[in-house]
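Okay, so here's the structure we're looking at.
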Amino acid sequence: MQIYFAPLQGITDAPFRRIHAARFSGISKYFTPFISPTQNYNLTNQELNEVDPGNISGFTLVPQVIASKPELFLWAVRQLADLGYTEVNLNMGCPSGTVTAKGKGAGLLMSHTGLELFLDEIYSHSPIAVSIKTRIGWQSPDEYERLLTLLNSYPVSELIIHARTRSQFYAGSTSPETVLSLLDQCRMPLVYNGDLFTPGTCSSFLSANPQLNRVMIGRGLAANPALARTVLGGPPLEISEFRAYHDALYETYLRRFPKNAALGRMREVGKHLACCFEDAGKVLKKLRKAASLQAYEASVDALFEHPLLADPGFNPAY
Ligand SMILES: Cc1cc2nc3c(=O)[nH]c(=O)nc-3n(C[C@H](O)[C@H](O)[C@H](O)COP(=O)(O)O)c2cc1C
């Protein structure tokens with residue numbers, strides 16, 4: 001079983017990945033949140049820092065690129081190949097309206113004719129392997145069969161499927177049955193993604209579907225950093241390693257960012273971590289509203305007074 005840490009813009013940045021990988025085992029690949037080359041063939045300093053090979057130690061990182069034009073995608077791929085990367089991931093799943101309006105992310109799913117032209121170009125010219133992260137369709141799961149037939153005609157190195165349509169964003173239920181019913185027809189390695197939130201639910205899902213051997217997990221791992229380790233048979237999350245992990249993230253962001261930026265970052269991280277505790281509701285409200293480092297620290301101290309849940313992970317109700 002291979003478990004991948006999903007890209008989460010605003011959470012799984014370079015310091016986060018380094019700290020997670022140093023403390024928790026079980027992740028076969030990390031992915032950068034998407035980088036988006038501009039019309040002028042530029043990447044921001046922050047994006048360059050995200051893909052700097054100097055920030056990788058002891059883990060595998062796949063950079064993710066989002067683009068609507070094949071020439072921009074290929075330009076970014078060549079920069080990444082020059083940095084030594086052997087795989088790049090194409091974002092064909094981001095549902096945000098501002099992204100899809102530009103024909104990027106899940107916007108590529110709107111027209112299969114346009115998508116075919118895009119894929120023809122990138123798969124004819126990419127110097128390195130290109131994997132794809134996408135959804136089961138734009139509007140309806142019925143689109144998945146045609147999409148898979150199209151993708152099967154390219155050397156897609158891996159296909160990561162989030163089992164929702166674009167129109168669902170992250171709401172409503174996933175459709176694992178759509179993905180599983182066509183597994184036999186999928187010519188490339190398939191990575192299942194969506195709503196595997198806790199070690200218990202993830203293990204049950206994998207036992208019920210033994211034909212899956214690669215999964216990608218996002219919010220579950222952002223909440224419980226030991227999720228992959230536990231699913232793979234290692235020990236469950238322990239409170240002292242959890243606190244040390246939180247403190248390492250906090251200290252690192254305080255060193256790297258101005259106070260307010262560090263606080264914003266940690267509120268986002270903290271609201272995921274909080275899901276792992278019993279009766280976290282009240283403290284979580286305070287943590288979300290913390291307007292100073294002092295208030296944030298007080299809410300985290302209060303949180304760590306609570307016991308961990310028996311099956312800690314992400315809770316969408318929060
Ligand atoms: C805050 C947030 C940021 C995300 N950023 C990205 C991104 O940069 N690239 C991407 O492909 N998916 C992104 N996603 C989608 C996740 O990678 C993943 O597919 C989604 O969270 C479903 O998996 P999960 O149920 O295990 O969390 C993001 C999701 C969230 C909630």
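Positions are given from 1, in the same order as the sequence printed here. One-based numbering, in listed order, for ligands and for the atoms of each.
In terms of polar-atom proximity, defined here as any N/O pair under 3.5 Å, Glu268 makes no such contact with ligand 1. Between Ile11 and ligand 1, no N or O atom pair is found at a separation short of 3.5 Å.
The only member of Leu206, Val215, Val191 that meets side chain to side chain contact (heavy atoms under 4.5 Å, CB included) when paired with Ile3 is Val215.
Looking at Arg219, Arg164, Arg135 and measuring to atom 21 (O) of ligand 1, the nearest heavy atom belongs to Arg219. Closest heavy-atom approach to atom 14 (N) of ligand 1 within the set Gly194, Pro7, Gly105: this belongs to Pro7.
The side chain of Asn193, and not its backbone, has at least one atom closer than 4.0 Å to an atom of ligand 1 (non-hydrogen atoms only; side chain from C-beta on). Contact annotation: for His162 versus ligand 1, heavy atoms closer than 4.0 Å belong to the side chain alone. Under 4.0 angstrom from ligand 1, the non-hydrogen atoms of Tyr170 all belong to its side chain. When heavy-atom distances to ligand 1 are checked against a 4.0 Å cut-off, Phe197 comes that close only through its side chain, counted from C-beta outward.
Ser126 contributes no side-chain N or O that, together with a main-chain N or O of Ile122, makes up a donor-acceptor pair within less than 3.5 Å. Looking only at distances, a side-chain donor or acceptor of Arg229 sits under 3.5 Å from a matching main-chain atom of Pro236. Without hydrogens or angle criteria, Glu297 side chain to Gln294 main chain gives no donor-acceptor distance under 3.5 Å. Under the 3.5 Å distance criterion, the side-chain polar atoms of His306 are left unmatched by any main-chain donor or acceptor of Ala280. Remark: side-chain polar atoms of Thr32 are paired, donor with acceptor, to backbone N or O of Gln64 under 3.5 angstrom. Put simply, the side chain of Asp52 gets close to the backbone of Gly54: a donor and an acceptor are under 3.5 Å apart.
Proximity to Ala6 (heavy-atom distance under 4.0 Å) selects the following atoms of ligand 1: 17 (O). Proximity to Ile217 (heavy-atom distance under 4.0 Å) selects the following atoms of ligand 1: 26 (O). Residue-ligand proximity, Pro33 to ligand 1, at heavy-atom distances under 4.0 Å covers atoms 8 (O). For ligand 1 and Asp195, the ligand atoms under 4.0 Å from any heavy atom of the residue are 24 (P), 25 (O). For ligand 1, the atoms lying closer than 4.0 Å to a non-hydrogen atom of Lys133 are 10 (C), 11 (O), 12 (N), 15 (C), 16 (C), 17 (O), 18 (C), 19 (O).
Note on ring orientation: taking the six-membered ring where Trp is involved, the planes of Tyr296 and His246 are parallel (angle under 30°, cut-offs 30° and 60°).
Taking atom 26 (O) of ligand 1 as the reference point, the nearest protein heavy-atom neighbour is Gly218 N, 2.8 Å. Given atom 11 (O) of ligand 1, the protein heavy atom at minimum distance is Gln64 NE2, 2.8 Å. Of the protein's heavy atoms, Phe34 N, 3.2 Å lies nearest to atom 8 (O) of ligand 1. At the shortest separation from atom 30 (C) of ligand 1 among protein heavy atoms lies Leu8 CD2, 3.7 Å. In this structure, the protein non-hydrogen atom closest to atom 5 (N) of ligand 1 is Gln9 N, 2.9 Å.
For the pair Arg17 and Tyr30, the NZ or CZ position fails the cation-pi test of under 6.0 Å to the six-membered ring centre and within 45 degrees of the ring normal. Both tests do not hold together for Arg267 against Tyr253: distance to the six-membered ring centre under 6.0 Å, angle to the ring axis within 45°.
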Verdict with supporting geometry, Phe59 and Ile27, side chain to side chain contact (heavy atoms under 4.5 Å, CB included): CA-CA 8 Å; Phe59 60 92; Ile27 304 296; over 6 Å; no

